[in-house]
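Read the structure below first, then the notes.
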Amino acid sequence: MTTMTDTSVREFKMPDVGEGLTEAEILKWYVQVGDTVTDGQVVCEVETAKAAVELPIPYDGVVRALHFPEGTTVDVGTSIIAIDMNGGAPETTGREPVLVGYGVATASAKRRPRKDTEAPHQPTPPVPESRPLAKPPVRKLAKDLGVDLTTVIPSGPDGIITREDVHAAATPTGTPAPVTEAPVTQTPAASYDAPRETRIPVKGVRKATAAAMVGSAFTAPHVTEFVTVDVTRTLKLVEDLKQDKDFAGLRVNPLLLIAKALLVAIKRNPDINASWDETHQEIVLKHYVNLGIAAATPRGLIVPNIKDADAKTLPQLAEALGELVATAKEGRTSPAAMQGGTVTITNVGVFGVDTGTPILPPGESAILAVGAIKLQPWVHKGKVKPRQVTTLALSFDHRLIDGELGSRVLADVAAILEQPKKLITWA
């Protein structure tokens with residue numbers, strides 16, 4: 001890491017962009033040495049164990065040095081970029097910056113001669129900033145595909161580059177694939193020197209998720225119970241709510257009513273909304289529900305939560321769910337949004353999966369897995385009829401939730417989804 005002694009130089013340190021995080025990986029630099037920056041300008045994108053975050057610089061000046069290259073994991077509190085507040089060239093006395101990542105040169109080190117010897121002190125005119133508009137997941141995709149975002153034609157609102165734009169730039173329509181010259185005699189496919197395996201570094205969100213799941217699986221004794229339920233009436237209610245003016249502009253789907261059913265079941269069985277305090281050997285009952293929703297993102301699985309979900313009306317819950325899902329897909333989930341969850345829902349049914357045995361997010365008491373909803377033969381009013389059926393799976397921490405309590409909660413959720421009028425009678 002380079003150290004500056006010039007009083008006009010300000011060092012910007014890696015901030016703690018989460019809650020108690022100790023490190024972050026530099027994904028992308030948006031500036032280079034010599035660029036002019038202004039207060040509030042985003043200079044880089046970093047990935048923590050929680051999410052990807054763009055960092056704005058709090059200074060006006062010229063970039064003197066980038067202390068770490070892209071792909072480097074840096075401890076919180078370590079200087080990552082130096083800004084010359086006066087915009088001047090680096091002084092030649094004392095210690096001076098050298099190539100990024102290669103330490104600091106002493107005063108006796110010889111400097112590489114300047115190409116422009118006629119005007120050695122002539123500052124380079126600042127280049128107007130033309131940073132393309134794209135969200136963090138799209139930037140990462142472009143990086144992975146080797147696409148320069150400045151060459152991509154945006155199709156999103158307000159000139160934002162979308163994932164489709166990046167893919168189109170990577171493989172333009174109508175552009176033939178590059179042809180490599182080869183002998184006329186073709187080599188058999190079996191002799192091609194293709195890699196037999198690929199290694200992917202485990203870091204960022206995936207590293208944190210792996211550590212959390214291992215810790216949870218081997219700390220909290222998991223119990224999973226299952227129930228299969230007819231949700232035909234719930235699906236009918238979903239269609240009715242879509243026509244209700246109170247839900248105009250909101251996304252109404254089965255997950256909304258499943259979430260509400262779980263919240264009502266927790267209200268009827270509040271002891272399930274708790275956590276285990278190993279240090280003090282106490283069960284901590286929560287008088288609020290921060291409802292987690294497991295979301296698959298380009299960076300891995302994350303579990304943001306809706307704060308005080310139990311206090312929200314059904315339209316408010318629909319709005320919160322819509323915002324949570326949209327933010328997660330865009331890669332804009334903040335670290336704070338993933339802290340303090342109490343109970344979680346994971347919807348494996350979107351992948352066509354019938355059910356599963358989900359692992360508890362650390363510190364939470366229960367997680368409900370929702371399977372695919374399928375048309376199946378079902379005994380309804382004494383006759384076998386085609387009905388919309390799904391399987392629910394509830395995993396819970398057996399240290400603080402016994403089989404009776406877990407069974408009551410799961411049975412209540414199933415009863416509500418089978419007879420959604422219970423949302424009124426039980427609420």
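Numbering starts at 1 and runs along the sequence shown.
Here the closest heavy-atom approach between residue Ile283 and residue Ala274 is recorded as CG2-CB, 4.0 Å. In this structure, Glu47 and Leu27 approach most closely via the heavy-atom pair CB-CD1, 3.7 Å. Heavy-atom minimum distance, Val223 versus His398: CG2-CD2, 3.2 Å. Scanning both residues, Lys307 and Lys312, for their nearest heavy atoms gives O-CE, 3.6 Å. Contact record, Gly77 with Lys13: O-CD, 3.3 Å, taken as the closest heavy-atom pair. The nearest pair of heavy atoms linking Pro154 to Ile161 is CB-CG1, 3.8 Å.
Put simply, the side chain of His222 reaches to within 4.5 Å of the side chain of Leu360, judged on heavy atoms. Using a 4.5 Å heavy-atom cutoff, the side chains of Asp35 and Tyr30 are not in contact. Under the 4.5 Å side-chain criterion, counting only non-hydrogen atoms from C-beta, Asp39 is not in contact with Tyr59. Using a 4.5 Å cut-off on side-chain heavy atoms (C-beta onward), Pro15 and Val76 make no contact. Between Val63 and Gln32 there is no side-chain heavy-atom pair separated by less than 4.5 Å. Residues Ser395 and Ile359 fail the side-chain proximity criterion, which asks for heavy atoms closer than 4.5 Å. Side-chain contact check for Gln41 versus Val31: some heavy-atom pair is nearer than 4.5 Å. You'll find the side chain of Arg251 reaches within 4.5 Å of the side chain of Val325, heavy atoms only.
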Run Asp244 and Val252 through side chain to side chain contact (heavy atoms under 4.5 Å, CB included) and show every step you take.
CA-CA 10 Å; Asp244 194 304; Val252 180; over 6 Å; no
Applying side chain to side chain contact (heavy atoms under 4.5 Å, CB included) to Ile416 and Leu257, what does each step give before you reach the verdict?
CA-CA 9 Å; Ile416 293 171; Leu257 295 185; over 6 Å; no
Hey, mind stepping through Met14 and Leu55 against side chain to side chain contact (heavy atoms under 4.5 Å, CB included) and telling me if it holds?
CA-CA 9 Å; Met14 177 70 75; Leu55 298 183; 4.1 Å; yes
Checking Arg408 against Arg268 for the side chain to side chain contact (heavy atoms under 4.5 Å, CB included) test, could you report, in this order, the C-alpha distance in whole Å, the side-chain angles of both residues, the deciding distance, and whether it holds?
CA-CA 9 Å; Arg408 287 205 310 265; Arg268 286 167 52 84; over 6 Å; no
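Among residues two or more places apart in sequence or in another chain, the side-chain contact (heavy atoms from CB on, under 4.5 Å) test is passed with Asn273 by Ile266, Lys286, Val289, Thr342, Val343.
With rounding to the nearest 0.5 Å, the separation of CG in Leu405 from CG in Leu410 is 11.5 Å. Residue Leu263 holds its CG atom at 12.0 Å from CD1 of Ile258, rounded to the nearest 0.5 Å. Note that the CG atom of Leu250 and the CD atom of Glu319 stand 6.0 Å from one another [nearest 0.5 Å]. Atom NZ of Lys260 sits about 7.5 Å away from atom OG1 of Thr313, to the nearest 0.5 Å. With rounding to the nearest 0.5 Å, the separation of CD1 in Ile373 from CG in Asn347 is 8.0 Å. Taking CG of Leu368 as the start and OG1 of Thr344 as the end, the distance is 10.0 Å to the nearest 0.5 Å.
In this structure a side-chain-to-backbone donor-acceptor pair under 3.5 Å is present from Trp29 to Phe68. Distance alone, capped at 3.5 Å, places no donor-acceptor pair between the Asp308 side chain and the Ala311 backbone. Judged by distance alone, the side chain of Asn86 and the main-chain N or O of Ser8 form no donor-acceptor pair under 3.5 Å. Under a 3.5 Å cut-off, the side chain of Asp271 and the backbone N or O of Leu285 do not form any donor-acceptor pair. Under a 3.5 Å cut-off, the side chain of Asp165 and the backbone N or O of Ser155 do form a donor-acceptor pair. In this structure, the side chain of Gln281 engages the main chain of Glu278 through a donor-acceptor pair within 3.5 Å. Although no hydrogens or angles enter the test, the distance criterion places a donor-acceptor pair under 3.5 Å between the side chain of Thr390 and the main chain of Gly371. Checking side-chain atoms of Asp84 against main-chain N and O of Val9 turns up no donor-acceptor pair under 3.5 Å.
Taking a cutoff of 4.0 Å between a charged side-chain nitrogen and a carboxylate oxygen, Lys242 and Glu239 qualify as a salt bridge. In summary, Asp240 and Lys236 engage in a salt bridge, as defined by a charged side-chain N under 4.0 Å from a carboxylate O. Salt-bridge formation is not detected for the pair Lys422/Asp412: no Lys NZ or Arg NE/NH1/NH2 atom is positioned less than 4.0 Å from an Asp or Glu carboxylate oxygen.
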